[in-house]
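The next block holds one structure in the form of structure tokens; read it before the comments.
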Protein chains: 2
Amino acid sequence: MLELAILGFLYDAPLHGYELRKRITALTGHVKPVAESTLYPAIKRLEKADLLARATQPGSVAAPRHVLTLTETGRNELCRRLAEPAQRDITDENRWFTVLAFLRHLDDPSAQAAVLRRRLAFLEEPASFFYSGDRPLRAEELDDPFRRGILTIARATSRAELAWLRATIDSLDAGSP
Amino acid sequence: MLELAILGFLYDAPLHGYELRKRITALTGHVKPVAESTLYPAIKRLEKADLLARATQPGSVAAPRHVLTLTETGRNELCRRLAEPAQRDITDENRWFTVLAFLRHLDDPSAQAAVLRRRLAFLEEPASFFYSGDRPLRAEELDDPFRRGILTIARATSRAELAWLRATIDSLDAGSP
DNA sequence: GGAGGATACATCGGTATCGATGTATAGAGG
DNA sequence: CCTCTATACATCGATACCGATGTATCCTCC
């Protein structure tokens with residue numbers, strides 16, 4: 001996830017680690033903060049895998065900046081991860097939002113639509129947080145007000161997202177018939 | 001998170017690991033699956049910390065079941081974690097839903113309301129995923145349809161949750177004036 | 001001129017989690 | 001009879017992440 005965000009931000013422009021951190025914090029930080037000690041090792045991993053290159057730029061301010069640039073391999077890898085996200089990236093909202101944030105970098109509208117369809121399929125299958133046997137329970141069937149809250153909120157999210165997904169898939173299909 | 005779920009389920013009734021796993025999978029598994037190799041070490045951790053006790057029940061089916069029971073310490077610890085969740089548990093929806101799923105185990109309505117108020121405060125502060133300088137951007141200001149989607153969905157969730165939070169806090173306050 | 005904060009990177013220990021794999025038994029189905 | 005699946009637990013190595021801490025510079029404000 002973090003790696004996807006790094007690759008995604010660097011796709012637009014070369015950045016140094018600190019700036020990257022600020023952007024990632026703005027994107028997902030209010031929900032799930034990222035520690036510096038997570039970011040820098042992640043950058044190293046990606047560098048080691050040759051997905052990004054580091055150019056030391058000394059003197060400008062304080063400690064010497066390491067300006068990070070996406071390599072050709074890195075750009076391909078980003079597209080691959082966007083086009084073929086793991087199932088986790090589809091189901092977990094945190095991860096899914098990160099995919100969405102960079103999905104525009106896939107240049108093929110039908111590939112974008114395919115990713116949205118996977119999320120659509122996930123949201124369309126009947127699922128709940130609570131079951132009676134195998135049957136998903138509805139909010140109204142629960143005594144516990146807090147568990148009812150979970151279902152109420154999840155349902156609202158699901159409705160809004162389904163509407164958005166269907167509309168966006170339609171317009172992507174219309175754009176490239 | 002996982003630990004909270006384990007403690008929460010055991011609060012109701014003693015269970016063995018496998019049953020625990022099925023319940024956790026039902027609760028959060030469609031969004032974020034839990035591997036067995038994560039669950040069993042977690043159980044061991046909790047046992048080592050004396051939060052739960054294990055009673056081997058041989059012969060019933062297949063491998064001998066280890067029936068897990070919450071200790072007095074474990075029950076207190078669950079309540080402590082529910083009453084004083086980490087900030088992460090408030091901001092991250094996955095974690096927050098787990099807190100909500102077991103919040104009924106706090107017997108004090110005003111303590112329950114206090115937890116809901118923390119979430120309320122988090123949702124009320126202006127935040128976005130995208131900024132222009134320091135100003136949070138609205139969905140309408142974005143070109144990227146996918147990023148617009150993120151904001152659209154987040155806004156719908158936020159609205160539904162705010163309404164539910166306010167109503168529930170009111171009714172908790174009314175119940176214990 | 002000195003304190004404090006922002007910038008910018010880094011390391012280290014600890015731990016949570018995952019994926020793969022293993023071991024056993026019971027029951028269903030062919 | 002044999003295979004497959006479900007039940008039930010366990011280990012192991014790899015890795016991702018966190019929290020604490022460290023280093024160094026520059027700028028601002030008092």
Side-chain angles (χ1 to χ4, degrees), chain A residues 1-7 14-26 28-29 31-49 51-52 54-68 81 86-89 91-92 94-95 98 133-134, chain B residues 1-7 14-26 28-29 31-49 51-52 54-68 81 86-89 91-92 94-95 98 133-134:
Chain A
M1 241 346 59
L2 178 56
E3 295 187 2
L4 186 64
I6 294 173
L7 297 175
L15 298 170
H16 55 276
Y18 199 78
E19 176 63 25
L20 207 42
R21 180 171 191 255
K22 284 197 292 186
R23 303 214 182 179
I24 292 171
T25 300
T28 56
V31 168
K32 198 175 160 62
V34 171
E36 287 198 4
S37 50
T38 308
L39 176 63
Y40 288 111
I43 290 173
K44 276 189 187 165
R45 279 202 303 277
L46 296 174
E47 193 192 3
K48 203 175 160 191
L51 302 181
L52 54 84
R54 181 190 300 242
T56 305
Q57 189 186 65
S60 57
V61 254
R65 286 177 171 173
H66 296 183
V67 177
L68 309 168
R81 293 191 192 200
Q87 193 56 20
R88 305 224 127 173
D89 301 335
T91 62
D92 186 333
N94 289 336
R95 291 170 170 262
T98 308
D134 276 345
Chain B
M1 239 349 59
L2 179 56
E3 295 187 2
L4 186 64
I6 295 172
L7 297 175
L15 298 171
H16 56 275
Y18 199 78
E19 175 63 25
L20 207 41
R21 180 171 191 254
K22 284 196 292 186
R23 302 214 182 180
I24 291 172
T25 298
T28 57
V31 168
K32 199 176 159 61
V34 171
E36 288 199 4
S37 50
T38 308
L39 176 63
Y40 288 111
I43 290 173
K44 276 189 187 164
R45 280 203 302 279
L46 296 174
E47 192 191 6
K48 202 174 162 192
L51 302 182
L52 54 84
R54 180 191 300 240
T56 303
Q57 191 186 63
S60 55
V61 254
R65 287 176 171 174
H66 295 183
V67 177
L68 309 167
R81 293 191 193 200
Q87 193 55 21
R88 302 226 130 173
D89 300 335
T91 62
D92 186 333
N94 290 336
R95 292 169 169 263
T98 308
D134 276 346

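These values consider heavy atoms only, across backbone and side chains, with no hydrogens, waters or symmetry-generated copies. The chains referred to below are lettered A, B, ... by the order of the sequence lines, with proteins before strands, and numbering in each begins at 1.
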Give the rounded distance in Å between these two atoms: [atom1] of [X] and [atom2] of [N].
| X | N | atom1 | atom2 | value |
| --- | --- | --- | --- | --- |
| B:Arg65 | D:dC9 | CZ | P | 8 Å |
| A:Lys22 | C:dC9 | NZ | C1' | 14 Å |
| A:Leu4 | D:dA16 | CG | C1' | 16 Å |
| B:Leu2 | C:dT15 | CG | C1' | 13 Å |
| A:Leu20 | C:dT7 | CG | C1' | 15 Å |
| A:His66 | D:dT23 | NE2 | P | 18 Å |
| A:Lys32 | D:dC17 | NZ | P | 8 Å |
| B:Ile24 | C:dC18 | CD1 | C1' | 16 Å |

Does [X] have a side-chain nitrogen or oxygen under 4.0 Å from the phosphate oxygens OP1 or OP2 of [N]?
| X | N | result |
| --- | --- | --- |
| B:Arg54 | D:dA10 | yes |
| B:Tyr18 | D:dC9 | no |
| A:Arg21 | C:dA10 | no |

Query raised in the report: Step by step, would you call A:Val67 with A:Arg54 a side chain to side chain contact (heavy atoms under 4.5 Å, CB included)?
Result: CA-CA 6 Å; A:Val67 177; A:Arg54 181 190 300 242; over 6 Å; no
Report task. With a 4.0 Å heavy-atom cut-off, tell me which residues in residues 35-48 of chain A come close to DNA chain C, sorted by residue number. Result ->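 DNA chain C contact set from residues 35-48 of chain A: A:Glu36, A:Ser37, A:Tyr40, A:Lys44.
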Query raised in the report: Among A:Lys22, A:Arg21, A:Arg23, which one satisfies side-chain contact (heavy atoms from CB on, under 4.5 Å) with A:Leu15?
Result: A:Arg23
Requested in this report: Return the 5'-most residue of the pair B:His16, B:Arg88 with respect to DNA chain D, ranking by each residue's nearest nucleotide.
Outcome: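 Looking at DNA chain D, the more 5' nearest nucleotide goes with B:His16.
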Can you name the nearest heavy-atom pair linking [X] to [Y], along with the distance?
| X | Y | answer |
| --- | --- | --- |
| A:Ile43 | A:Leu52 | O-CD1, 4.1 Å |
| B:Tyr40 | B:Tyr18 | OH-N, 4.0 Å |
| B:Arg88 | A:Pro33 | NH2-O, 2.9 Å |
| A:Thr98 | A:Asn94 | OG1-O, 3.1 Å |

Query raised in the report: Using rotation axes that map the C1' atoms of four end pairs onto the next four (five pairs an end), what angle separates the end axes of the helix from C:dG1-D:dC30 to C:dG30-D:dC1, to 10°?
Result: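 That helix gives 30° between its end axes.
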Requested in this report: Consider the side chain of B:Glu3, meaning its heavy atoms from C-beta on, and name the nucleotide among C:dA10, C:dA8, C:dA16 that approaches it most closely.
Outcome: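 The answer is C:dA16.
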Query raised in the report: Any side-chain heavy-atom pair from B:Ile6 and B:Ile24 closer than 4.5 angstrom?
Result: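 Heavy-atom side-chain distance check passes, below 4.5 Å.
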Report task. Answer whether the closest heavy-atom distance between the side chains of A:Leu51 and A:Leu7 falls below 4.5 Å. Result ->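 Yes, close enough: below the 4.5 Å cut-off.
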Report task. Keeping the roles fixed (side chain from A:Arg65, backbone from A:Gly17), state whether a donor-acceptor pair exists under 3.5 Å. Result -> no
